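These numbers come from the heavy atoms of this one structure, side chains and all, not from hydrogens, waters or symmetry mates. Since we're looking at a predicted model, the values are computed, not measured.
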Amino acid sequence: MVQKYQSPVRIYKYPFELVMAAYEKRFPTCPQIPVFLGSEVLRESRSPDGAVHVVERSCRLRVEAPRLLRKIAGVEHVVFVQRNVLNWRERTLLIEAHNETFASRVVVNESCSYTVHPENEEWTCFEQCASLDIRSFFGFENALEKIAMKQYTANVKRGKEVIEHYLNELISQGTSHIPRWTPAPVREEDNRSQAGPRDPGSLEADRPGSAPGPAAETVLTDEDKLDADYIERYLGHLTPVQESCLIQLRHWLQETHKGKIPKDEHILRFLRARDFHLDKAREMLCQSLSWRKQHQVDLLLQTWRPPALLEEFYAGGWHYQDTDGRPLYILRLGHMDTKGLMKAVGEEALLKHVLSVNEEGQKRCEGNTKQFGRPISSWTCLVDLEGLNMRHLWRPGVKALLRMIEVVEDNYPETLGRLLIVRAPRVFPVLWTLISPFINENTRQKFLIYSGSNYQGPGGLVDYLDKEVIPDFLGGECVCNVPEGGLVPKSLYLTEEEQGHTDQLQQWRETYQSASVLRGAPHEVAVEILEGESVITWDFDILRGDVVFSLYHSKQMPKLGPQEPGARAGGQLTDKGWVLGVDYSRVEAPLVCREGESIQGSHVTRWPGIYLLQWQMHSPPGNVACSLPGVEDVLTALHSPGPKCKLLYYYEVLASEDFRGSMSSLESCTSGFSQLSTTTSSSSGQSHSSPLVSR
């Protein structure tokens with residue numbers, strides 16, 4: 001595979017003639033470049049008027065490679081042939097170089113140019129491109145490629161420093177100006193002599209534009225080129241290889257992409273997301289550009305107006321910037337009714353709003369770059385989880401969140417500079433287990449999580465935010481205008497006809513299983529746990545009637561019917577002779593669930609065995625069953641008409657090896673969202689639960 005390198009335009013703020021004087025000081029040897037062992041002139045010619053000077057040199061470079069590789073190759077240095085065409089009239093120097101050593105195995109070609117700055121004739125521009133093609137090298141092709149690229153890019157950086165060194169030396173010696181070339185008067189005999197034989201090299205050099213320059217595939221117009229000062233000012237410090245990748249990808253887009261060319265900051269984010277692997281970054285960027293065109297994302301900030309309900313209940317907004325100048329976005333996720341928002345405005349509206357936040361974030365980064373005079377390409381997000389509870393684990397909501405994460409990861413890579421999570425409650429590890437596998441590893445490394453009040457004091461928010469901008473609800477003095485969120489009234493929910501998203505409704509239905517509960521005939525699900533410290537989570541809606549939910553543990557597997565694996569509705573799951581507290585035990589206190597309620601909860605298992613999730617019809621106070629129903633109760637219920645309860649439920653088991661974090665590792669936080677939920681919890685040793693009722 002051919003490796004290519006393309007430099008940005010490097011600018012010397014000195015006239016061309018002075019830069020050329022500094023350049024000539026590099027020959028025949030250059031102590032400032034240790035790998036350059038020396039050079040000798042092979043061929044030299046000038047045009048009759050002295051305007052064009054052609055020099056061919058043989059240059060020896062020391063091989064900086066492991067001793068074993070040098071021994072196998074049998075060389076300590078390599079020879080390159082360099083051809084320079086200096087045109088004083090046009091004020092250009094074009095350089096072509098190629099390797100002579102191992103030319104049949106390795107092909108190295110380099111093209112450089114010094115030209116006058118198009119907007120300031122007192123400045124000089126330098127460009128460089130090269131290619132490396134390793135055809136065969138004693139089985140060490142990959143090693144040689146890495147060594148060669150590393151050494152080459154190091155010499156690229158050193159080359160500019162050397163020119164600047166000699167420029168300073170010239171100025172210190174009193175040479176700060178060199179007159180431009182002017183043609184000498186031409187005598188008659190000179191005119192006659194010009195018709196005679198001439199050196200082929202000088203003939204070629206005399207023709208404007210005939211001298212070899214950079215390969216055609218890397219030639220850009222002046223307005224399309226990037227200069228090094230611009231990169232440093234607006235994009236930040238990049239290595240020579242990273243600069244080359246940016247320029248190549250940008251040039252490829254200019255040649256092939258039909259439509260708006262992304263900004264350099266945007267292109268650079270995709271390169272960083274793929275560790276500057278050019279082909280992978282190109283593929284990712286092309287897919288994103290197609291997505292942006294399909295969904296008209298470029299027009300989103302002009303066309304999207306969030307519904308009034310979303311503006312009131314979506315608890316997120318921009319709030320000044322962090323200590324690094326990054327725009328700061330605050331999200332009070334614990335105070336946000338994600339389920340209510342999805343049912344009131346729909347998943348697509350929420351996704352559009354999230355996309356508009358990302359678009360606004362990019363715009364703010366550009367503004368802060370200009371304001372603070374340094375590159376700012378990402379923002380900081382502060383997430384307050386006070387009030388987070390099992391309601392936030394509503395499965396359609398989690399699936400929608402995962403979809404949004406996927407869309408943002410694919411189309412806004414490297415836009416998140418830091419994520420500060422504060423007041424993380426005990427339920428947070430469950431949510432983190434569900435979503436973290438879908439978050440890129442580079443992004444996960446930017447997360448900082450604080451439980452309880454750990455965000456206060458040294459090592460907390462003050463390390464990343466100025467005290468003057470820490471929100472008042474986190475103990476700061478700054479008034480924060482981010483909406484507080486709150487419970488979305490059910491009266492604002494969209495009907496199925498209003499939603500019109502049949503696919504979304506179908507997905508919601510497919511997520512849940514339906515069940516009927518008769519008096520004396522509960523609905524039960526048996527879940528086998530093979531190891532302790534797994535997490536059982538549940539989520540169910542009561543559609544009709546009132547039920548009592550309980551969770552039991554048994555060491556024995558009940559006899560299951562054919563209805564569904566691991567579950568059976570109605571019927572006796574345990575032997576009538578089983579004794580509560582001996583053959584099986586209750587691990588969750590009975591929870592009365594009223595019609596219309598939505599319940600989410602979890603249980604961290606202490607022992608392996610069988611866990612039974614049970615829903616039975618609610619009896620009047622004092623008559624709540626304390627054990628599993630008998631056979632007679634079930635038969636009576638099945639053959640006797642009577643009231644029936646209906647529910648939709650979903651459960652999931654998070655295995656211990658997948659569970660990311662211990663519940664006890666995070667301090668329990670007092671919820672400030674009491675109007676949204678009431679929480680009941682119990683614990684015994686390592687086992688604890690957090691069921692939640694939402695009315």
Side-chain angles (χ1 to χ4, degrees), residues 337-344 346-347 389-403 430-431 434 487-488 490-499 501-519 521-527 535-551 561 563-571 573 588 590-603 611-618 637 643-654 676-678 689-695:
D337 181 9
T338 52
K339 180 176 182 178
L341 284 174
M342 282 190 62
K343 290 201 169 188
E347 182 179 335
N389 48 48
M390 295 305 298
R391 180 180 173 87
H392 291 86
L393 298 185
W394 181 58
R395 286 310 177 273
V398 172
K399 288 186 176 181
L401 176 61
L402 295 179
R403 179 194 172 198
V430 180
L431 179 62
L434 294 173
L487 184 65
V488 178
K490 287 190 175 182
S491 59
L492 299 179
Y493 287 6
L494 298 173
T495 64
E496 292 188 9
E497 293 76 14
E498 289 174 327
Q499 289 186 53
H501 302 305
T502 55
D503 291 342
Q504 178 175 299
L505 293 173
Q506 183 63 28
Q507 289 174 5
W508 290 4
R509 294 190 184 105
E510 290 175 355
T511 300
Y512 292 83
Q513 301 181 56
S514 61
S516 297
V517 179
L518 302 175
R519 188 174 302 281
H523 182 83
E524 294 161 330
V525 175
V527 181
V535 181
I536 304 174
T537 69
W538 54 83
D539 176 7
F540 56 90
D541 291 340
I542 308 301
L543 305 182
R544 182 195 304 171
D546 299 339
V547 302
V548 177
F549 173 74
S550 301
L551 182 66
Q563 286 93 336
E564 58 176 286
R568 178 176 178 178
L573 297 182
E588 288 289 341
L591 179 67
V592 178
C593 311
R594 304 294 182 181
E595 180 176 321
E597 290 181 346
S598 178
I599 295 90
Q600 295 81 33
S602 69
H603 179 86
Y611 286 80
L612 300 173
L613 285 73
Q614 182 196 82
W615 295 269
Q616 63 177 327
M617 186 172 289
H618 176 53
K644 181 168 62 173
C645 298
K646 296 192 68 174
L647 64 119
L648 293 174
Y649 71 92
Y650 173 90
Y651 72 94
E652 183 176 3
V653 176
L654 308 177
L676 177 69
S677 64
T678 57
S689 64
S690 52
L692 176 130
V693 183
S694 301
R695 294 177 169 82

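- Two residues are said to be in side-chain contact when any heavy atoms from C-beta on lie closer than 4.5 Å; Thr537 and Leu434 fail this criterion.
- No donor-acceptor contact under 3.5 angstrom links the side chains of Gln614 and His523, judged on distance only.
- Between Leu393 and Val430, the closest side-chain pair of non-hydrogen atoms falls below 4.5 Å.
- The shortest side-chain heavy-atom distance between His603 and Tyr611 falls under the 4.5 Å cut-off.
- Of the listed residues (Val517, Leu647, Leu648), just one forms a side chain to side chain contact (heavy atoms under 4.5 Å, CB included) with Ile542, and that residue is Leu647.
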- Report the C-alpha distance between Val525 and Trp615 in whole Å, list the side-chain angles of each, state the deciding distance to 0.1 Å, and finish with yes or no for side chain to side chain contact (heavy atoms under 4.5 Å, CB included). CA-CA 9 Å; Val525 175; Trp615 295 269; 3.9 Å; yes
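- The shortest non-hydrogen separation linking Asp541 to Lys339 is OD1-NZ, 3.2 Å.
- Aromatic ring centres of Tyr651 and Phe540 lie farther apart than the 6.0 Å criterion allows.
- The ring pair (Phe, Tyr, Trp, His ring centres under 6.0 Å) test with Trp538 is passed by exactly one of Tyr512, Phe549, Trp394: Phe549.
- Side-chain atoms of Asp539 come within 3.5 Å of backbone atoms of Arg395 as a donor-acceptor pair (strictly under, hydrogens ignored).
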- Message: Walk me through whether Lys343 and Asp337 qualify under salt bridge (Lys or Arg N to Asp or Glu O under 4.0 Å).
- Response: CA-CA 10 Å; Lys343 290 201 169 188; Asp337 181 9; over 6 Å; no
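- Inter-residue side-chain proximity for Leu518 and Lys644 is flagged as met; some heavy-atom pair is nearer than 4.5 Å.
- With hydrogens and angles disregarded, no donor-acceptor distance shorter than 3.5 Å links the side chain of Glu588 to the backbone of Leu551.
- Closest of all the heavy-atom pairs between Cys645 and Val547 is CB-CG1, 3.7 Å.
- For Arg544, there are no side-chain hydrogen bond (donor to acceptor under 3.5 Å, both in side chains) partners two or more places apart in sequence or in a different chain.
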- Is there a side chain to side chain contact (heavy atoms under 4.5 Å, CB included) between Leu613 and Tyr649 once you walk through the steps? CA-CA 11 Å; Leu613 285 73; Tyr649 71 92; over 6 Å; no
- Task: Could you check Gln600 against Tyr650 for side chain to side chain contact (heavy atoms under 4.5 Å, CB included), going step by step and ending with a plain yes or no?
- Result: CA-CA 9 Å; Gln600 295 81 33; Tyr650 173 90; over 6 Å; no
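- Of the inter-residue distances, the one linking Ile536 atom CD1 with Leu654 atom CG reads 10.0 Å to the nearest 0.5 angstrom.
- Looking at Gln616 and Arg519, their side chains never come closer than 4.5 Å, going by heavy atoms from C-beta outward.
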- Message: Checking Thr338 against His392 for the side chain to side chain contact (heavy atoms under 4.5 Å, CB included) test, could you report, in this order, the C-alpha distance in whole Å, the side-chain angles of both residues, the deciding distance, and whether it holds?
- Response: CA-CA 7 Å; Thr338 52; His392 291 86; 4.1 Å; yes
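- For the residue pair Lys646 / Ser514, no side-chain donor-acceptor distance below 3.5 Å is found, with atom types taken as modelled.
- Scanning both residues, Ile599 and Cys593, for their nearest heavy atoms gives CD1-CB, 3.8 Å.
- Once rounded to the nearest 0.5 Å, the distance linking CE of Met617 with OG of Ser516 reads 9.5 Å.
- Counting all heavy atoms, side chain and backbone alike, Glu347 lies closest to Ala400 at CD-CB, 3.7 Å.
- Counting all heavy atoms, side chain and backbone alike, Lys490 lies closest to Gly596 at NZ-O, 2.8 Å.
- Distance check: Ser602 OG to Asn389 CG gives 11.0 Å after rounding to the nearest 0.5 Å.
- Considering all non-hydrogen atoms of both residues, Pro590 and Val548 come closest at CB-CG1, 3.6 Å.
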